[in-house]
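Read through the structure below, which is laid out as structure tokens, and then see the notes.
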2 protein chains.
Amino acid sequence: MTTAQHPWPETLRDCGLRVTRQRLAVLDAVAERPHQPAEAIHAEVARRLPEITVQSVYTVLHDLTAHQLLRRFDPPGSAARYETRTQDNHHHAICTRCGRIEDVDCVHGAAPCLEAPAGLGMEVEVADVVFRGICRDCAAQAGAEPASAAPQPLPDS
Amino acid sequence: MTTAQHPWPETLRDCGLRVTRQRLAVLDAVAERPHQPAEAIHAEVARRLPEITVQSVYTVLHDLTAHQLLRRFDPPGSAARYETRTQDNHHHAICTRCGRIEDVDCVHGAAPCLEAPAGLGMEVEVADVVFRGICRDCAAQAGAEPASAAPQPLPDS
DNA sequence: GGGTAATTGTGAATTACTCATAATTTGCGG
DNA sequence: CCGCAAATTATGAGTAATTCACAATTACCC
């Protein structure tokens, strides 16, 4: 689908970061499949760079997140996820049954929820919103199967 | 301040739970100091029940959370916190410098942010909102000290 | 190409929990 | 009150996710 890739090397250099195979591979993997945990990113990256270690993936993810090339998202009760959408203010929806994570564009405009805490003595910089519920597919299945009480352990995207 | 305590024993029995010293002590500790991690709750509880173990605190927190007597909150990149405000829809503000966590009442009314994802194929049950920024105290200090780049490791309340 | 600082690899350590099982306790029935 | 059964807690080990220290390698300016 996306034949034209991001100019990752340029972006890296703009941040004062060196261009390495590991960083490019991680950026590609996260761009292609967002909302994956570090282990899954490592598995994907290892297909091209079999010698890469999980620890290096952690280091790369940490560095790229610190430089705003990646955004880290912590689903409650699960490992951290990463995505390349860092410039816009978007939120996330998690299905409590199948664990699927989807992006949710901001409803109130560009910087929506930041207007919220009027009386709060704080200058708000970020507002992270996590919606939780039952996605359409799981709701459809719920009619047939009563479904398990415990939610699935957050599989993939 | 709050001389009149909650009727925890009654509340516990209403949930079909037995009344134990450990549960009462945990409920008291969380009510008195919300937004504390399990370790801090254990430390507080241990002042009255020196023989209690951290694992038991984890079990109690888990059980009470499952029965809606406590609400669990996962700050990004930090251990879980607990609070007794379970009936209202409120959110949280975290100072990225000092780590202080404060409650934020809902701005849009009772169930505010649930109206958000119109085009989303999901029936939203919960909307967790986390505001992050610099609190008033830290902003005042920022003028004097340039402050460290890394945020403090989420101390207390 | 050479040097140097940045980056990655290696391996151990840590944090925040969870799990299995044994000991204890609560609360009901008698 | 007493005792039993189920619920709860203590004990100890185990796990997942991530971090840390340091040695080996690599990118990039000259």
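Fair warning: this is a prediction, and the values are worked out from it, not measured in the lab.
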#### Entry: Interatomic distance, Arg23(B) CZ vs dT9(D) C1' [rounded to whole Å]
9 Å

### Query
When the distance from CD of Glu51(A) to P of dT8(C) is rounded to whole Å, what number comes out?
12 Å

### Task
Specify the separation, in whole Å, of atom CG of Asp63(A) and atom P of dG9(C).
13 Å

### Query
So with a 6.0 Å cut-off around CZ of Arg48(B), is the heavy-atom count from everything else above 12?
no

### Query
CG of Leu49(A) versus C1' of dG9(C): gap in Å, rounded?
13 Å

### Query
Could you give the NE2-to-C1' distance, from His67(B) to dT8(D), as a whole number of Å?
12 Å

### His92(B) side chain to Asp128(B) side chain, donor-acceptor N/O pair below 3.5 angstrom
no

### OP1 or OP2 of dT25(C) under 4.0 Å from side-chain N/O of Gln22(B)
no

#### Entry: Sugar-phosphate or base contact per nucleotide [nucleotides 15-30 of chain D; S, B, -; heavy atom under 4.0 Å]
--SBB-------BS--

### Message
Would a single hydrophobic cluster contain both Val130(B) and Ile101(B), if residues Ile, Leu, Val, Met, Phe, Trp and Tyr are joined by side-chain heavy-atom contacts under 4.5 Å?
### Response
yes

### Query
Please give, in whole Å, the distance from dT10(C) P to Ile52(A) CD1?
11 Å

### Task
Please say whether more than 12 non-hydrogen atoms of neighbouring residues, nucleotides or ligands are located less than 6.0 Å from CD in Gln87(A).
no

### Neighbour count >12 (heavy atoms, 6.0 Å) for atom CD, Glu44(A)
yes

### Atom-to-atom span, CG of Asp14(B) to C1' of dG27(C) - whole angstrom
16 Å

### Summary
By salt bridge (charged side-chain N to carboxylate O under 4.0 Å, His left out), Asp14(B) pairs with (sequence neighbours left out) none

